[in-house]
> 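Dumping the structure here so I can ask a few things about it.
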Protein chains: 2
Amino acid sequence: MEKKSEAITIYDVAREAGVSMATVSRVVNGNPNVKPSTRKKVLNTIRELGYRPNAVARGLASKKTTTVGVVIPDISNAFYAELTRGIEDIATMYHYHIILSNSDLNQEKEYQLINAFFEKQVDGLLFLGGELTNLHRETFSASTVPVVLAATEDDTAQLPYVTINQKEAAKEATQVLLEEGHEHIAFIGEALSDPVTGYPRYSGYKEALLEQGKPISEKRIRIGDGRYRSGYQLMTELINENPDLTAVFATSDEMAVGAIHAVQDQGKKVPTDISVIGFNNIPLSSQVRPLLSTINVPMYDIGAVAMRLLTKYMNQEQVDTSQVYLQHHIEIRQSNRVMLKKET
Amino acid sequence: MEKKSEAITIYDVAREAGVSMATVSRVVNGNPNVKPSTRKKVLNTIRELGYRPNAVARGLASKKTTTVGVVIPDISNAFYAELTRGIEDIATMYHYHIILSNSDLNQEKEYQLINAFFEKQVDGLLFLGGELTNLHRETFSASTVPVVLAATEDDTAQLPYVTINQKEAAKEATQVLLEEGHEHIAFIGEALSDPVTGYPRYSGYKEALLEQGKPISEKRIRIGDGRYRSGYQLMTELINENPDLTAVFATSDEMAVGAIHAVQDQGKKVPTDISVIGFNNIPLSSQVRPLLSTINVPMYDIGAVAMRLLTKYMNQEQVDTSQVYLQHHIEIRQSNRVMLKKET
DNA sequence: GTGAAAGCGCTAACAT
DNA sequence: ATGTTAGCGCTTTCAC
């Protein structure tokens, strides 16, 4: 094993093996135009010298870095962590590496990150989360680097994305509750300005109620931050202000679980007194009692499919659908009442 | 805004601004040796042309990539996700980017990743998780790139690391249980071969029992995979085979929560009938009922401190302690009985 | 099948 | 304060 010294370059290998740099380059890159015997010879001296190609030099010469940038709101959030796993697995499969940075949904930071990644000459960019402004779009289109949005959509521009239909999913959750016969269904959502978790889910909730001719009341609507604490708090308020409440739909599992505990702390039972449905189906939802009924979002798949899509763009492959909606479904567990209809 | 075309280089800026490349390079890098007026001129044409420095070329010329590699077992695991957040925050603070890859604790994969990161010319490497073999050590020492271990330790080699004292922590958890007066305390651990979550925690458990003269019985020891399911399953077995069991220490919060539910499903109560204590203090532990008593591991800090330490090595700064143990503490909540002593 | 040589876009002496 | 000039380590025509 070589000790710490000046790094071995392709030139050293060439000299040592008695061939040219070009030939060494060819065997390193698996170019078939090399006589087996010389290939073997080169491979041997590579091993002897402990030669390790310099990816930076290669990147400069070839204009490819086999690296993709990932802008993510917060890696410590279970939802994004799982999604990132999907991204990384597919990236590995296609021999790409991932540069990861948290944006905290801060537009200024997002903008900086995108630019920093472009400076690093990423071959592609995956953008997750935040709202897309014109500044984002301009930056994207000023570059030739392919960009794919994950768990985000973009109506205005033609950016490719992969996500689920947020509004439909929220609507379905609300409908399940409606079918149980509840008169009053509360909503614990997230900032309406958030184009992913905010408005679309709110409007799905609203639409479901409207279709059944149920009144929408501000009294039953609360906006939290998606975390457990806010779910707990908001649900406590909701119960106090709405004694007749029998169901709630929360747009995140953490908030839903917080809501369940709030219900219990008020001396009521889930689902006997109050039904609760969450959103995302993060591991937490099947690690609490009662098990949380929730919308299953294929987080891993969103990441995986988005990354796969990105590889197609990077390889200039033909892509048929650039805006893909993955299938969601409602996972009925124990936090809502069983539908009578089911018994037929 | 410039349209997609050939990228603007430092040379274009120099020509356009009527200065040399060196001068442009100086202003881009904030070198003070530039007359204010020419600096301004250069800055202007940079803006006009939409020039964006090419980090790859810079990396090749300067032999610095401002990138650090992170080898992590699994980003979708709450523990590592939080730790990664700590790493990333400090990295950003010091203007580094992070290349992230999952190893799944697979040694072959770890080895490949380390080499791939070296090829990418990372300025430093953060290694988390797995067991350190001689192959790892050789690879590390064959390179001049500084390496720091996070949440892992290394007794044999002189690699720097930041972690907590696993054995002590496990011992404390067991002692808390012991102080409650339990005769039989079960242990749900993880593969003993794991140098972080495995053997050290097991030996802490054992040592605590031994010190109190309590017998150690195989009947009360189970090895799981750290996840909820295995905690549930193993606890179910434990209860069936040990009717006299009144306490359990699990080396992960997920397993501990699984254990709690197993207890409940057997018609017993936590902590009245059985006390349970977990390990890590991931968010889950304060999102279940009863709230889980657990060992608090400063995950974020481990990542942050490790990254900070790495920056010191990368800048060749003086470092006083290269092996740091962060403080852990036991977080008593509701899954174990309150100690009578406390009432005095 | 193999080699020579011209870059890739930038930094870092070294001059001036 | 600014310019000139070598590289950095590799890929990639283009010859042979």
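All values derive from a computational prediction rather than experimental measurement. Letters A, B, ... mirror the listed sequences (proteins, then strands); counts begin at 1.
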> Between atom CG in A:Leu49 and atom P in D:dG9, what is the gap in whole Å?
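From A:Leu49 CG to D:dG9 P: 14 Å.
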
> Would you say a side-chain N or O of B:Thr38 is under 4.0 Å from OP1 or OP2 of D:dA1?
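For B:Thr38, the contact criterion (side-chain N or O under 4.0 Å from OP1 or OP2 of D:dA1) is not met.
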
> More than 12 heavy atoms of other residues, nucleotides or ligands under 6.0 Å from CD of B:Gln316: yes or no?
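No, the 6.0 Å shell around CD holds no more than 12 heavy atoms from other groups.
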
> Distance alone, cut at 3.5 Å: any donor-acceptor contact between the side chains of B:Thr133 and B:His136?
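Yes, side-chain donor-acceptor contact under 3.5 Å.
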
> List in chain and number order the residues that pass ring pair (Phe, Tyr, Trp, His ring centres under 6.0 Å) with B:Phe117, two or more places apart in sequence or in another chain; answer none if no residue qualifies.
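If we apply the ring pair (Phe, Tyr, Trp, His ring centres under 6.0 Å) test to B:Phe117, skipping adjacent residues, the hits are A:His97.
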
> Roughly, in whole Å, what's the span from CD1 in B:Ile46 to P in C:dC10?
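Atom-to-atom, B:Ile46 to C:dC10, this comes out as 10 Å.
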
> Counting any heavy atom closer than 4.0 Å, what does A:Asn54 reach on the DNA or RNA strands: base, sugar-phosphate only, or nothing?
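Sugar-phosphate, backbone atoms only, no base.
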
> Look at the side-chain N and O atoms of B:Arg58 and state whether any lies under 4.0 Å from the OP1 or OP2 oxygen of C:dT11.
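B:Arg58 to C:dT11 OP1/OP2: side-chain N or O found under 4.0 Å.
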
> Rounding to an integer number of Å, can you tell me how far B:Asn33 CG sits from C:dT16 C1'?
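Taking CG of B:Asn33 and C1' of C:dT16, I get 14 Å after rounding.
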
> Mapping B:Leu60 and B:Ser20 to their closest nucleotides on DNA chain D, which lands nearer the 5' end?
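By nearest-heavy-atom nucleotide position, the 5'-most residue is B:Ser20.
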
> Could you pick out which residue, B:Val34 or A:Ala61, lies toward the 5' side of DNA chain D when each is mapped onto its nearest nucleotide?
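Of the two residues, B:Val34 wins.
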
> In whole angstrom, give the distance that lies between atom CD of B:Gln121 and atom C1' of D:dG9.
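Roughly 9 Å, once rounded to whole Å.
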
> Please determine, by modelled atom types, if A:Lys109 and A:Ser101 share a side-chain donor-acceptor pair under 3.5 angstrom.
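Short answer, no.
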
> Determine the contact category for A:Val19: base if any of its heavy atoms lies under 4.0 Å from a base atom, sugar-phosphate if only primed atoms, P, OP1 or OP2 are that close, otherwise nothing.
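A:Val19: backbone/sugar contact only, no base atoms under 4.0 Å.
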
> Classify the nucleic acid contact of A:Ser25 as base, sugar-phosphate or nothing, counting any heavy atom under 4.0 Å across all strands shown.
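Result for A:Ser25 = base.
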
> Side-chain N or O of B:Thr23 less than 4.0 angstrom from OP1 or OP2 on D:dG3?
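Yes, B:Thr23 has a side-chain N/O under 4.0 Å of OP1/OP2 on D:dG3.
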
> I'd like to know if B:Asp301 and B:Arg308 make a salt bridge, using a cut-off of under 4.0 Å between side-chain N and carboxylate O.
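Salt bridge absent between B:Asp301 and B:Arg308.
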
> Strictly below 4.0 Å: does A:Lys63 bring a side-chain N or O up to OP1 or OP2 of C:dG9?
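So the side-chain polar atoms of A:Lys63 do come within 4.0 Å of the phosphate oxygens OP1 or OP2 of C:dG9, strictly under.
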
> Are B:Tyr11 and D:dG3 close enough that a side-chain N or O sits under 4.0 Å from OP1 or OP2?
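Answer is no, no contact under 4.0 Å.
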
> How long is the line joining CG of B:Asn31 and C1' of C:dT11, in whole Å?
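In whole Å, C:dT11 C1' and B:Asn31 CG are 11 Å from each other.
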
> For a quick check, tell me whether the side chain of B:Arg52 and the base of C:dG9 share a donor-acceptor pair closer than 3.5 Å.
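No.
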
> Round to the nearest Å and state the distance from A:Lys64 atom NZ to D:dG9 atom P.
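Roughly 23 Å, once rounded to whole Å.
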
> Tell me every residue that passes ring pair (Phe, Tyr, Trp, His ring centres under 6.0 Å) with A:Tyr161, counting only those two or more places apart in sequence or in another chain.
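Partners of A:Tyr161 by the ring pair (Phe, Tyr, Trp, His ring centres under 6.0 Å) criterion, ordered by chain and then number, come out as A:Tyr325.
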
> From C-beta outward on B:Met21, which listed nucleotide comes closest to its side chain: D:dG3, C:dT11, D:dC10?
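Minimum distance to the B:Met21 side chain belongs to C:dT11.
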
> Could you check whether the side chain of A:Arg39 and the base of C:dG1 have a donor-acceptor pair of N or O atoms closer than 3.5 Å, going by distance alone?
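Donor-acceptor pair under 3.5 Å: no.
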
> Between atom CD1 in B:Ile10 and atom C1' in C:dC8, what is the gap in whole Å?
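Taking atom C1' of C:dC8 as the reference, CD1 of B:Ile10 is at 14 Å.
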
> Rounded off to whole Å, could you give me the CG-to-P distance for the A:Asp12 and D:dC8 pair?
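That distance rounds to 11 Å.
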
